[in-house]
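On a predicted model such as this, the values are computed, not experimentally measured, just so you know. Below, each value reflects all heavy atoms present in this structure, side chains not excepted, and no hydrogens, waters or symmetry copies.
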Amino acid sequence: MKTKINVVSLFSGCGGLDLGFIQANDVIDCPVSYEINWANDFFAAACETYRSNLGDHIVCKDIKTIDTASIPDCDLILGGFPCQDFSVSWTQRKGTKSERGSLYLEFCRVVEDKRPLVFIAENVKGLLSVNKGKDFKQIKADFASLGYQLHWWLYNFADYGVPQVRERVILLGVRSEFARTVSRIPPTHAGNHIGAKQALKGVELVQHNNEHLNIQAKTIKRLMQIPPGGNYLDIPVDSPLYVQGRRSHVYRRLHPDKPSFTIIARGGGGTWGYHFEEPRALTNRERARLQGFPDSFVFKGSITEVREQIGNAVPPLFAEKLALHLAPLIESLKLEDQASGKITLNNQVAN
């Protein structure tokens, strides 16, 4: 029998983090069964995708308007509170002072009321440095004030089999009354990263979310001057095709033998990411492959909405490894809490 772990998911998006935890249930030696009973997001297209692939337990509503009494009790809370105002990719990093940046307080509100054994939050690398580190210091203090010991690690997901260089912070909160030593996940692919060509093998045969974008003749000419792995800086400065004042992710082409650059959620001209061989933008299915989504996962919405869902997601490949790594810890906390007489939920499910 596996120990049942009741899960609530916040800022769920299309469900990349949740999918990884669900996939972990199929691993024979995983000691727990993660049961996601409630999820929430505000983006209607992402909620439609989540509902279609993972279940109708998602509530499409602004988290600020949700009464925590309507959220079921749980052992684990998952979520990736909005990252845009922490990201180094944004010119204005307002951090927790912005409306989006302050949404981590809604995460805190639910944690405070539900008192899970553990919570897991994902965010961008810039969370550690925005406002000279003051915001992260405040976030740590806020979680600690709720009675949680906070652990955090910076991961490059390419080290864990995701065919993409994507650095993200994982925050782990454990209820303070449980004294535990928690370690980071050992890399599985350090020095053996999966390249874009391998990741995209056969992708053209996938039916869903594989539409090609219309591309201007000028853009094709520009891409033909950029080698695989390059970007707009490879275009001569005196060329009429040169693009001034841009960031490195503009007109970036994949390198066939290296992991992809970070897949982003939105942006204007030149930010879609481009194929290593053909002078064209990546399709959303190609982006999904580079994020580690299975081909059977069908995204709902317009091309732009699907792009946003994929770019904002936690790669399921990494999420599964995270779920497996933390399973023994979460099981031990659940059994200890159960033995104390505090838990009345059904704790066992069949293999």
Side-chain angles (χ1 to χ4, degrees), residues 13-32 34 53-54 78 80 83 120-125 151-172 182-206 209-210 228-229 252-265 273 275-276 282-299 309-330:
C14 65
L17 181 59
D18 296 15
L19 176 60
F21 275 72
I22 292 169
Q23 289 176 165
N25 292 338
D26 294 330
V27 178
I28 294 175
D29 58 355
C30 180
V32 304
Y34 295 105
N53 290 276
L54 301 180
L78 300 176
C83 65
I120 298 169
E122 178 265 0
N123 215 280
V124 294
K125 177 182 179 180
H151 309 264
W152 65 94
W153 302 274
L154 178 64
Y155 289 104
N156 179 355
F157 293 163
D159 290 338
Y160 298 87
V162 179
Q164 178 190 164
V165 174
R166 191 178 185 91
E167 291 186 299
R168 291 295 185 267
V169 176
I170 298 296
L171 307 177
L172 173 71
V182 188
S183 62
R184 68 180 289 124
I185 313 172
T188 58
H189 287 71
N192 187 29
H193 291 163
I194 296 175
K197 185 176 182 179
Q198 180 182 345
L200 298 183
K201 184 177 180 181
V203 71
E204 67 278 1
L205 301 177
V206 183
N209 308 120
N210 221 353
R252 250 185 176 178
R253 299 191 71 176
L254 298 174
H255 191 291
D257 302 322
K258 297 179 180 179
S260 166
F261 39 79
T262 301
I263 298 298
I264 61 175
H275 199 270
F276 54 83
L282 299 174
T283 70
N284 277 327
R285 180 49 59 187
E286 288 169 333
R287 290 189 190 86
R289 279 276 190 97
L290 297 171
Q291 279 279 61
F293 280 92
D295 292 341
S296 58
F297 195 97
V298 179
F299 297 87
Q309 294 171 55
I310 295 170
N312 280 333
V314 177
L317 281 174
F318 175 81
E320 180 180 344
K321 288 183 170 63
L322 178 64
L324 291 171
H325 180 71
L326 294 178
L329 166 72
I330 297 172

Might you point out which heavy atoms bring [X] and [Y] nearest each other, and give the distance in Å?
X	Y	answer
Asn284	Ile310	O-CD1, 3.2 Å
Ala196	Leu254	CB-CD1, 4.0 Å
Asn312	Ala265	OD1-CB, 3.4 Å
Thr262	Arg252	N-NH1, 4.5 Å
Asn156	Arg166	OD1-N, 3.4 Å
Gly20	Ala323	O-CB, 4.4 Å

Heavy-atom distance under 4.5 Å between the side chains of [X] and [Y], does that happen here?
X	Y	answer
Tyr34	Leu78	no
Glu122	Ile170	yes
Gln23	Pro294	yes
His325	Ser183	yes
His193	Lys258	no
Leu200	Leu290	yes
Leu322	Val314	no
Phe299	Arg285	yes

To the nearest 0.5 Å, how far apart are [atom1] in [X] and [atom2] in [Y]?
X	Y	atom1	atom2	value
Leu317	Gln164	CG	CD	10.5 Å
Ile120	Phe21	CD1	CZ	3.5 Å
Arg289	Ile194	CZ	CD1	11.5 Å
His275	Thr283	NE2	OG1	8.5 Å
Glu204	Lys201	CD	NZ	10.5 Å

Has [X] got a side-chain atom pairing as donor or acceptor with [Y]'s backbone, closer than 3.5 angstrom?
X	Y	answer
Asn210	Leu205	no
Asn209	Val298	no
Arg253	Gly229	no
Gln291	Ile263	no

Find out whether the Lys NZ or Arg CZ of Arg184 is both under 6.0 angstrom from the six-membered ring centre of Tyr155 and within 45° of the ring's axis.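 Yes, Arg184 lies over the aromatic ring of Tyr155.
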Given Leu17, Val162, Asp18, Leu19, the one that forms side-chain contact (heavy atoms from CB on, under 4.5 Å) with Pro316: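 Result: among Leu17, Val162, Asp18, Leu19, Leu19 is the only option passing the side-chain contact (heavy atoms from CB on, under 4.5 Å) with Pro316.
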Evaluate the ring planes of Tyr160 and Phe318, with Trp represented by its six-membered ring, and classify them as parallel (under 30°), tilted (30 to 60°) or perpendicular (over 60°).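 Ring orientation of Tyr160 relative to Phe318: perpendicular.
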Aromatic rings His151 and Trp153: how do their planes relate, parallel, tilted or perpendicular, breaks at 30° and 60°?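 Judged by the thresholds at 30° and 60°, the geometry between His151 and Trp153 is parallel.
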For Asn123 and Leu171, run side-chain contact (heavy atoms from CB on, under 4.5 Å): C-alpha distance rounded to whole Å, both residues' side-chain angles, the deciding distance at 0.1 Å, then the answer. CA-CA 8 Å; Asn123 215 280; Leu171 307 177; 5.9 Å; no
